[in-house]
Amino acid sequence: MSEASIETVEGTVHKVVYAAADGLFAVVRIVVAGRPGPVTVVGPLGGLAPGEIVRIDGTWERHPAHGDQLRAERAVAIRPRTSDGVSRYLEGLKGIGPTLAKRLVAAFGTRAVEVLEEEPWRAAQVPGVGKRRAGRVADEAKARREEREVMVFLQGQGVSAAWAARIRKVWGDRAITRLRENPYLLAREVPGIGFHTADQIARGMGIDDASPLRIEAGLYDTLEGFADGGHLYAPRGELLLRAGEALHIDALELDLALLRLVAQGAVILEDDGAWLPRLHAAEQAIARRIGVLLAAPRTPPPAPKGDAAISALAALSAGQKRAVDGVRAAALCVITGGPGTGKTTVVKAIVASWHEARRRVLLAAPTGRAAKRLAEATGRPAQTVHRLLEWGRGARGRGSWGRDESRPLEADLVVIDESSMLDVALARALLQAVPPGATVVLVGDVDQLPSVGPGQVLADVIASGVVPVARLTEIFRQGAGSAIIHNAHQVLAGHPPIAAPPGADGALADFYVLHVDDPVRAREMVVRLCKERIPKAFGLHPSRDIQVLTPMHRGEAGTEALNRALQEALNKAGALLPRGTRPPLRVGDKVMQSRNDYDRDVFNGDLGEVVRIDPEGASAEVLFDDRRVAYDGEALSDLDLAYAVSIHKSQGSEYPAVVVTLLPQHFVLLRRNLLYTAITRGKRLVVLVGAERAIRRAVDTADAERRYTRLRDRLASLPI
C-alpha cells in the first residue's frame, strides 16, 4: 500500500453498522461534505459514536458486494461542533435519548457535552435528567473523551489506528503515561507489537539510538528471538553477538544492559546462559515434578486376567510386551518409534489392561486431530491436553488452568500421544496436574521435528536416562508393504526416498517423486496435482483430503504464494470477505487457526472450513470438525488460508494425501527430520515435488538444529 494512495476525509459519523466487541474493528458510515451519500469506512474504529466528527486517512478499495469503501489507516475523532452533531452524540450515550439530548442542547448549546462532563450538577437540573442519570452519563462521556485523547496522542506519535486501538485495549487510560515513560514496553506488553514497531514509535518521540531503554529492549527482543527458535536460553556470548549485529552497539554496552535486565528481574543468568524467567521457571518445574512423580509410592495394576486384555497382550511382539511392562514398572515412561512400528497397538493393550483392573485412564494429545485419532484407535474418549487440563477454568480465570497441583486430574494412568509436540509450557502444566502415585505414558516419534514452542521435552526426557524408554523398531505387516513407511525409514537411515512402482495388479503407488528445480513451475505443478491429477486418479477431495506441505512461508513456493494460487484454482467463486492486507476469505476456504484462542476454544494449528461470511458485518463462521465457531474483528486475523501449511504446523496431524515441496530456496531449513515429518503425515499418498539437490541436502543433514535446553541435565541430577 503506497503512501500516494492514502486519502484524507473528514465527516460526521452517521451510523455505526458494526463494531466488534474487542473494539479493534468497526464498519461505520460518515457524511462527508460534497459527497452525495454516506461513505462506508472500515477498520479499527471502535469507540466512534453517531454525531462525532472524524478525520480519517485511508485507502479506497472496492468490495465485490458493497462497492467503494475507505479502509482506515489513521482515524481521529473530533468533538462535535454543531448543535445537531452534539445532539446526535448525546443520543449515543446510555440513558440519553433524542428528547433529553434536545433538552440539553437547548439548555447549553454546543457546550452541552462539556457541561455534562465537568458540571454534571447543572445537567441534572434539566427536566428528566436528574442527579443519578447525570452522574452515570458524565462518567461515560469522560471515558469516551479520555479514549479519544489517548487515540489522538498515539496517532500523533505515528502509531497507526490499528495499533492505537490495540494499545488502548491493553493499557487503557494509562497508555499516554506508559508510552511517555518507555515506548519499548509496547514490545513486551502489547501482543503483536514487536521491537521494530516500538523502535519506530520511540524514534518518532525523539529517543536516541544509544538510549539505555533502546539497548535493553533490543537485547530483550534478541533473547525472545532465541525462544521463537525453540531455545530455552541463549549462551551469553551468542546473545551479545546477535544483539550487537542487530543494534550496532558494542559488546560492553550490551553486557551492561544485560546486567540491568537481570537486576530488573526481566532476565535470569544461569551458568552463563540468559533465560526468560517464564522459560527458566517452566524447565525447573518440569524437572521437580518428574522427581516428585518418580519418588511417589504407587500400586500398578495386577497382571491382566480377562479375555480382552490377554488377547491384546498375546498379539504383541517381544519389544511391544517390554513396552507394556515398562508402564507397569515406572511412574513415567516413554514409548517411541517410527510409523508402522505398532505404537498404537501397544497403547491399546495398555489401556485394555488398566481398564480391566478398574483403574482410571485419561487419554489426550496436543491437537484435536491427534486426540480424535487416539480415540478412534483405542475406542476410548480422548481430548486435547488443553481440555484435559480445563484451560480457562482455573482460580485465576480465563488465563489459568483448571487442573493443577491443588486440583489434580482424577486418574491412575495418563497417556499423551504425539508427545514430541509438547513444549515446556504445556508439559509443565500437564505434569503438575498429574497426582503423585499415578503413571504417565509419553507416546511419540522422537525423530520428528521438535515442538513449535520452546524446548524439546520428549527428546530431553529420553536422553536423561531417568525413565524407562521403549523404542519400537520392528515394522509390522500393516506397514511392511507401504512405500510411505519404507521411505520414511529410508530417510532416517540417510537414504533419499524413491518413487514406488505400481502394484502387480495395476494398483496405483502410494509414493511419487517429481523432480523440478524452478519454484514457479513447482507451484504450478502443485496446483495441477491438487485440482486435477490426484482427485481424478485417487478419488480424493481437492482441499479436504489433500494437504500441501512446504518448509517456508515466503517465496514463490512458500505457503503464502501456494495458498493464493490454490484458493484461486480450487475456490474462486465463494462469497468473499476482504481483510485489508491479509488474503481475503471465501466460503469454502480451508483455514488454520494461527494462535491459541481460549475464548473460542480453538488452538494454534486447528484446521477448519469457512462455512458462512457476512461481508456487511465483517464476520465469518468456521467449521472445526463438527463445531461452528464465529469470528469477527481482530479475531479474523488469526485465520490463515491452509490449502498449504508449513511442515512444522502439520505436526500431530495425518492427511489422506500430502504434496510436499522441497526446493533450493528452502536450503536453510532442510533437515532430515523435516523431510521425515512431512512424509509421515500422509496416510494413503505422498507426492514429493522438488529439486533433487534439495532432497539430497535434507537427507544428508542429519544434525537437527540443536536447541539450547538443560532439562536433560536437570533430570539426570535428580536424587532418585
Side-chain angles (χ1 to χ4, degrees), residues 337-341 343-344 367 369-370 372-373 376-377 417-418 420-421 444-445 447-449 475-476 478-492 495-503 507-515 522 525-531 533-551 557 559 562 566 590 592 605 607 642-662 666 670-690 694-695 698-699:
T341 56
K343 295 189 299 295
T344 300
T367 68
R369 285 179 169 244
K372 186 176 181 180
R373 288 204 320 272
E376 291 170 349
D417 201 9
E418 297 290 352
S420 62
M421 298 181 66
D445 187 346
D447 293 315
Q448 289 183 20
L449 290 168
I475 299 175
F476 292 91
Q478 60 268 35
S482 166
I484 296 174
I485 291 176
H486 174 74
N487 275 316
H489 289 275
Q490 283 287 97
V491 167
L492 276 187
H495 305 299
I498 57 175
L508 292 168
D510 63 358
F511 199 103
Y512 295 83
V513 180
L514 306 177
H515 288 127
M525 184 178 292
V526 167
V527 171
R528 287 198 302 274
L529 285 166
C530 294
K531 184 178 181 180
R533 294 173 63 178
I534 294 176
K536 182 178 179 180
F538 292 87
L540 297 174
H541 190 277
S543 62
R544 297 192 193 108
D545 295 332
I546 305 170
Q547 184 61 60
V548 178
L549 304 178
T550 189
T559 60
L562 283 165
L566 289 164
K590 184 178 186 177
M592 176 178 280
L607 279 175
Y643 299 100
V645 302
S646 71
I647 296 171
H648 275 87
K649 282 291 184 84
S650 73
Q651 288 174 264
S653 297
E654 287 184 349
Y655 314 95
V658 297
V659 178
V660 184
T661 65
L662 287 185
H666 303 145
L670 296 180
R671 297 284 189 279
R672 188 178 294 177
N673 61 352
L674 182 96
L675 177 55
Y676 173 76
T677 300
I679 290 173
T680 54
R681 300 308 90 199
K683 291 193 293 185
R684 289 178 52 189
L685 174 68
V686 173
V687 182
L688 184 55
V689 178
I695 298 170
V699 170

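One-based numbering along the sequence shown. Note that the structure is a prediction, hence the values are computed from the model and not measured. Excluded from the calculations below are hydrogen atoms, water molecules and symmetry mates; all remaining heavy atoms, backbone and side chain alike, are included.
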Side chain to side chain contact (heavy atoms under 4.5 Å, CB included) assessment of I546 paired with F538: CA-CA 11 Å; I546 305 170; F538 292 87; over 6 Å; no
D445 and T341: side chain to side chain contact (heavy atoms under 4.5 Å, CB included), yes or no, with the steps? CA-CA 10 Å; D445 187 346; T341 56; over 6 Å; no
Under the side chain to side chain contact (heavy atoms under 4.5 Å, CB included) rule, what do V699 and Q490 come out as? Steps first, then yes or no, please. CA-CA 9 Å; V699 170; Q490 283 287 97; over 6 Å; no
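Between E654 and the options K372, R373, R681, a salt bridge (charged side-chain N to carboxylate O under 4.0 Å, His left out) holds for only R373.
Not one N or O on the side chain of T344 forms a donor-acceptor pair closer than 3.5 Å with the backbone of A377.
By the 4.5 Å heavy-atom criterion applied to side chains, Q448 and E418 are counted as neighbours. The shortest side-chain heavy-atom distance between V526 and T550 does not fall under the 4.5 Å cut-off. When side chains are defined from C-beta on, V686 does not count as touching N487, because their heavy atoms never get closer than 4.5 Å. I679 places none of its side-chain heavy atoms less than 4.5 Å from the side chain of P339. Taking 4.5 Å as the limit, every side-chain heavy atom of D447 sits out of range of all side-chain heavy atoms of N673. The closest side-chain heavy-atom distance from P551 to L662 is below 4.5 Å. Looking at P497 and F511, their side chains come closer than 4.5 Å, going by heavy atoms from C-beta outward. By the 4.5 Å heavy-atom criterion applied to side chains, C530 and L566 are counted as neighbours.
For the atom pair OG1 (T661) and CG (L514), the distance works out to 12.0 Å, reported to the nearest 0.5 Å. Taking NE2 from H666 and CG from L675, the interatomic distance works out to 12.5 Å, rounded to the nearest 0.5 Å. Note that CG of L449 is 11.0 Å distant from OH of Y676, once rounded to the nearest 0.5 Å. Of the inter-residue distances, the one linking I534 atom CD1 with L529 atom CG reads 5.0 Å to the nearest 0.5 angstrom.
Under the rule for a side-chain hydrogen bond (donor to acceptor under 3.5 Å, both in side chains), the partners of Q547 that lie at least two apart in sequence or sit in another chain are K590. By the side-chain hydrogen bond (donor to acceptor under 3.5 Å, both in side chains) test, T559 is found to be paired with H553, residues two or more places apart in sequence or in another chain being considered. Residues meeting the side-chain hydrogen bond (donor to acceptor under 3.5 Å, both in side chains) test with R684, sequence neighbours left out: none.
Among all heavy-atom pairs drawn from L540 and P656, the shortest one is CD2-CB, 4.3 Å. When all heavy atoms of L508 and A537 are compared, the closest pair comes out as CD1-O, 3.3 Å. Across every non-hydrogen atom of A500 and A509, the tightest pair is O-CB, 3.3 Å. The minimum heavy-atom distance between L674 and I647, with the atom names listed, is O-CG2, 3.6 Å. A pairwise comparison of heavy atoms in L549 and S646 identifies CD2-O, 4.4 Å as the closest pair. For I485 against S482, the heavy-atom pair with the smallest separation is N-OG, 3.2 Å.
Heavy-atom contacts from other residues, nucleotides or ligands closer than 6.0 Å to NZ of K531 number 12 or fewer.
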